[in-house]
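Note that ligands are numbered from 1 as they come in the structure, with each ligand's atoms numbered from 1 the same way. Not measured: the values here are computed from a predicted model.
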Amino acid sequence: MDVPKRSLLQAGMFLLVCFPACGPGRGVREQVPGLVTEHAMVVSAHPLATEVGVAVLRDGGNAVDAAVAVHYALAVVLPWAGNIGGGGFMVMRSSDGTVRTLDFRETAPLAASRDMYVNDAGAVDTAMSQHGHRAAGVPGAVAGLHAAHDSLGTLPMQRLIQPAIDLAAQGFSLTALEASWLNGALPALRSYSTQNSTYDERAHWSVGDTIQLPELAATLARIRDNGPDEFYALTTADLIVAEMQRGAGLITKSDLVAYRPVWRAPVHSRYRGLDIHGVGPPSSGGVLLAQLLAAMEPMDVQGAGWQQVATVHRMVEAERRAYADRASYMGDPDRVCVPVAALVDSAYVHRRMSDFDPRRATPSAMVEAGVPVEHEETTHFSIVDAMGNAVSCTTTLNGRYGSHVVVGGAGFLLNNEMDDFSLAPGAPNAYGLVGGEANAIAPGKRMLSSMTPTIVTRDGALFMVLGTPGGSTIPTSVFQVLLNVVDHDMNMQSAVSAPRFHHQWLPDAIQQEAGAIAHSDSAVLARIGHRLVVRESIGQVDAICVLPDGRLEGGADPRGDDAAGGY
Ligand code: GLY
């Protein structure tokens, strides 16, 4: 377990082969080989979580069983985003073609109120919405995992949690990325948690250090023994409430007892003959992806070329309009009426693009509405089992290490998902963006998300499973990876590895990873009115593609510690 990637390779779990290039289009760089397996695959943000999921699949578990095990493992080995103190969304496709989506998004505590982050001077207090006890929404992860398992799982829950308990109890070795992020988070973890935890027992963590999480192991063992009631009504619930009382937080036992995950209708759309299955509100992801794809359908994207001026320009103009719609119309569908069918209707999207000018950018000031923002530290995993069932799951604490509050005596981090609400509708938030009334805070309401777990089918057969973290950049990352495969003929790994760009209406700028758009093309885009800024990496996509011969090709994002595994 010390050097996870090597141990997987030594175990012979990987069959690394280069899938032959199928004629990548204009502008496409050399294809990057991905893992190809015969039967089943897991791609997640951590090699140890991938290993746990593959072992479940080898034991005869299905994709949902593996998803539960991977999620619990990530709660241990990926503390900055994996969680039991957060929430997420899952898309499940059974081999008979049935698609189900599960919303286990957090909710606002019953004591939350619309202006709870607005101070006496009328300004939004983003420090409070992003850190500490009042930033936390009521967690949905444990309820969601157990709901998915109750409906579709086959192996006993105990078998699926045990690997996570073992990892927490025996310890695991920190990767360079984890050590560096943990060191960066230590001051905030110390400042916002009311009791010491294992995370801050050292002044400095180094790559290869073994970290043991005994309190988290004990919490997971209680969940193993008592089921989800443990988290929402029994000892763990009491520990959460005690933590809230010590830190002047809002979550009460009534909030925990009342929490329910919700099965919701998938958002379905089509693109070039493919069927795209995603999640609807309270995530904006499925709707945004459907809008973006519909906006590209009339264009010969392949002929225009990858990251070429015409392609980037149309993608950005589609993104600008879709994100403006997001702010106006989207929120918790149990509280506001979200016109999903109208928004994803291709005739509507084409009308929306009717003022698209291929020769110049449309200033965002001329596109109406506002947009809320999310933080970018989420995590995604994709799974296909040997029976052909698939799971696409995105889950989050919101910010890196969430609220930075470790529940005393329970050893897990709470989310800071309250910051995904519009903190003061109409007012600019920390990123200079504005949010809409539909996403205003209300007791018990779910905050708007951008998570975009997606399953793509072709002629009724599984074709792709994908998703990513990245806050507001999630839908555009999924969008680009889809176009990379469908229009630019990239293999899965190349499509994931390729540099990305993003536009979200406000700020009115194309954010790009270094080198994502060639210098000469950037100059042309600037001349037609776009502002371009270079930023840190965008997203961390983990994806699986079913090859024409039925084998599976993984795309594990090199931007993180992500790993594909299978057999
Ligand atoms: N917190 C990120 C999202 O829900 O989109």
Legend entry - Those atoms of ligand 1 less than 4.0 Å from some heavy atom in D420: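 Every atom of ligand 1 under 4.0 Å from some heavy atom of D420: 1 (N), 2 (C), 3 (C), 4 (O).
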Legend entry - Close-contact set for ligand 1 against S450 heavy atoms, below 4.0 Å: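 Counting atoms of ligand 1 from 1, those under 4.0 Å from S450 are 3 (C), 4 (O), 5 (O).
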Legend entry - Polar proximity ligand 1 side, E417 side, N/O cut 3.5 Å exclusive: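 Yes; at least one N/O pair falls below 3.5 Å.
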Inset, instruction - Would you please name every residue forming a side-chain contact (heavy atoms from CB on, under 4.5 Å) with P187, sequence neighbours left out? - result: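 P187 satisfies side-chain contact (heavy atoms from CB on, under 4.5 Å) with no other residue.
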Legend entry - Residues in side-chain contact (heavy atoms from CB on, under 4.5 Å) contact with A438, at least two apart in sequence or another chain: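 So A438 forms a side-chain contact (heavy atoms from CB on, under 4.5 Å) with V336.
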Inset, instruction - Identify whether NZ of Lys or CZ of Arg in R400 sits under 6.0 Å from the centre of the six-membered ring of W181 and within 45° of that ring's axis. - result: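 Verdict for W181: a cation-pi partner in R400.
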Inset, instruction - Verify ring-ring contact (aromatic ring centres under 6.0 Å, His included) between F412 and Y199, making sure each step is shown before the conclusion. - result: CA-CA 10 Å; F412 65 90; Y199 297 118; over 10 Å; no
Inset, instruction - Could you establish whether R105 and ligand 1 come within less than 4.0 Å of each other, counting only heavy atoms on the residue side? - result: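 A heavy atom of R105 does come that close to ligand 1.
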Legend entry - Test item: R531 side-chain N/O and P507 main-chain N/O as donor-acceptor pair under 3.5 Å: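 Checked: no pair found.
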Inset, instruction - Ignoring hydrogens, just give me the one of A81, P282, S449 whose non-hydrogen atom is nearest atom 4 (O) of ligand 1. - result: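 Nearest option to atom 4 (O) of ligand 1, by heavy atoms: S449.
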